[in-house]
Amino acid sequence: MKKILIAALAALSLAATLDAKDTRKKDGLGLDIHFLTSTEYGKSPLVGISYPDALGEQTQFMETWTKNTHHFGVELLRFNFPAGDYAQLFTGIRMDRYEYFFRNRYTFAYSGGNVFPVDLTQETYPHYKSSELRTTYWSVPLGFNLKLNKKWSAEAYAFAGLLGKSVNIVRSPKDKTYNPGGLNDFQYGIGASIMRRHLGVSVKYIPSSVFKEGVGPDTNTLSFGIILH
């Protein structure tokens, strides 16, 4: 179902973009408005993990399997402002969902103002399959798009946003904790992409930690994948 949803949103994004470029007229200021401008899918491993308060093997409890991490992003609304013959400034509204699958048999809990690791041992979770954290952020980007030639374009941007939904999942077979606590309510980062017509590659780095400062591990996110624009 998830793959079908992603494919459907990607197709909808492309259709909306093409339709907007063909039919939407700019206003007197040159402002160009588009809906469902782009869709992204890629991997989103946690990097730069630092947790000095944990001991021994627990210092590794936030490590992720890169192949099993997922990032799905949609730019819902974009405002383009002309900045010369080959460049545009833009802002808008976007949604980004991150799925972090943990490498080791750990999850986490929040209590007394602190995040602490929970060991998913064979004795307590004999049917353990996986452990993951999902977060969804709503953000505002600010950047520029540069037309390189008739087929190629590139863009770079900064963004900042707020946490929406979050859920901690242990599959044994499945135990969900919604809004588990201790997560950073604010996110900021930088991103860039290069595209040939409507298809390209994107990369995003989020230096803001997944957890609040002083509450849990300091963990940053690196996201990379494909973009349909």
Side-chain angles (χ1 to χ4, degrees), residues 6 9-10 13 17 32-51 62-64 66-67 69-84 86-101 133-148 152-166 183-229:
I6 292 174
L9 284 172
S13 174
T17 303
D32 196 7
I33 305 173
H34 295 280
F35 300 93
L36 286 175
T37 313
S38 64
T39 304
E40 299 174 27
Y41 175 74
K43 301 301 180 181
S44 55
L46 292 175
V47 296
I49 302 170
S50 175
Y51 193 29
M62 290 300 297
E63 290 186 353
T64 52
T66 299
K67 65 179 181 179
T69 60
H70 303 283
H71 165 239
F72 176 61
V74 178
E75 190 173 73
L76 303 169
L77 180 64
R78 174 176 286 207
F79 300 96
N80 287 324
F81 301 87
Y86 301 100
Q88 291 180 324
L89 301 177
F90 69 85
T91 186
I93 299 174
R94 60 176 296 121
M95 181 276 292
D96 290 278
R97 169 170 158 162
Y98 303 90
E99 298 181 2
Y100 307 104
F101 278 79
L133 169 66
R134 296 178 184 175
T135 61
T136 300
Y137 282 86
W138 299 88
S139 61
V140 174
L142 178 62
F144 66 92
N145 180 284
L146 181 63
K147 185 176 181 181
L148 304 177
W152 290 88
S153 63
E155 64 183 35
Y157 59 93
F159 62 93
L162 298 175
L163 178 65
K165 182 180 178 181
S166 61
L183 298 176
N184 198 342
D185 295 319
F186 180 70
Q187 183 189 76
Y188 61 89
I190 55 175
S193 62
I194 185 166
M195 292 154 286
R196 188 181 188 276
R197 296 190 184 277
H198 299 290
L199 183 64
V201 294
S202 64
V203 62
K204 186 184 284 97
Y205 177 65
I206 303 172
S208 57
S209 179
V210 172
F211 296 99
K212 294 178 181 178
E213 183 178 359
V215 172
D218 183 11
T219 55
N220 312 127
T221 302
L222 176 65
S223 175
F224 52 90
I226 60 173
I227 180 172
L228 185 63
H229 198 282

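Position 1 is the first residue of the sequence, and the numbers go up from there. Computed over heavy atoms, backbone and side chain alike; hydrogens, waters and symmetry mates excluded.
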Asker: Sub-3.5 Å donor-acceptor pair from the side chain of Thr69 to the main-chain atoms of Ser44, do we have one?
Answerer: yes

Asker: Do side-chain atoms of Ser209 reach the backbone of Pro217 as a donor and acceptor pair under 3.5 angstrom?
Answerer: yes

Asker: Apply the test side chain to side chain contact (heavy atoms under 4.5 Å, CB included) to residues Thr136 and Met95: give CA-CA distance (whole Å), side-chain angles for both, the deciding distance (0.1 Å), then the verdict.
Answerer: CA-CA 7 Å; Thr136 300; Met95 181 276 292; 3.8 Å; yes

Asker: Take atom CD1 of Ile194 as the centre, draw a 6.0 Å sphere, and report whether it contains more than 12 heavy atoms from other residues, nucleotides or ligands.
Answerer: yes

Asker: State, with a plain yes or no, whether a side-chain heavy atom of Thr219 is found less than 4.5 Å away from one of Phe211.
Answerer: yes

Asker: Do Leu46 and Glu63 come within less than 4.5 Å of each other through their side chains, counting heavy atoms only?
Answerer: no

Asker: Going through the checks in order, is the side chain to side chain contact (heavy atoms under 4.5 Å, CB included) test met by Asp32 and Phe90?
Answerer: CA-CA 9 Å; Asp32 196 7; Phe90 69 85; over 6 Å; no

Asker: Is the closest side-chain heavy-atom distance between Ile206 and Ser223 below 4.5 Å?
Answerer: no

Asker: Nearest 0.5 angstrom please: Gln88 CD to Phe144 CZ, how far?
Answerer: 12.5 Å

Asker: List the steps and the verdict of side chain to side chain contact (heavy atoms under 4.5 Å, CB included) for Thr39 and Phe72.
Answerer: CA-CA 8 Å; Thr39 304; Phe72 176 61; 3.6 Å; yes

Asker: Can you check whether Leu222 reaches Val203 side chain to side chain, under 4.5 Å on heavy atoms?
Answerer: yes

Asker: Does Lys67 form a side chain to side chain contact (heavy atoms under 4.5 Å, CB included) with Phe101? I'd like the steps, not just the answer.
Answerer: CA-CA 9 Å; Lys67 65 179 181 179; Phe101 278 79; over 6 Å; no

Asker: Using the ring of each side chain (for Trp, its six-membered ring), is Tyr188 parallel, tilted or perpendicular to Phe186, with breaks at 30° and 60°?
Answerer: tilted

Asker: Pick one: which of Tyr205, Tyr98, Tyr100 meets ring-ring contact (aromatic ring centres under 6.0 Å, His included) with His71?
Answerer: Tyr98

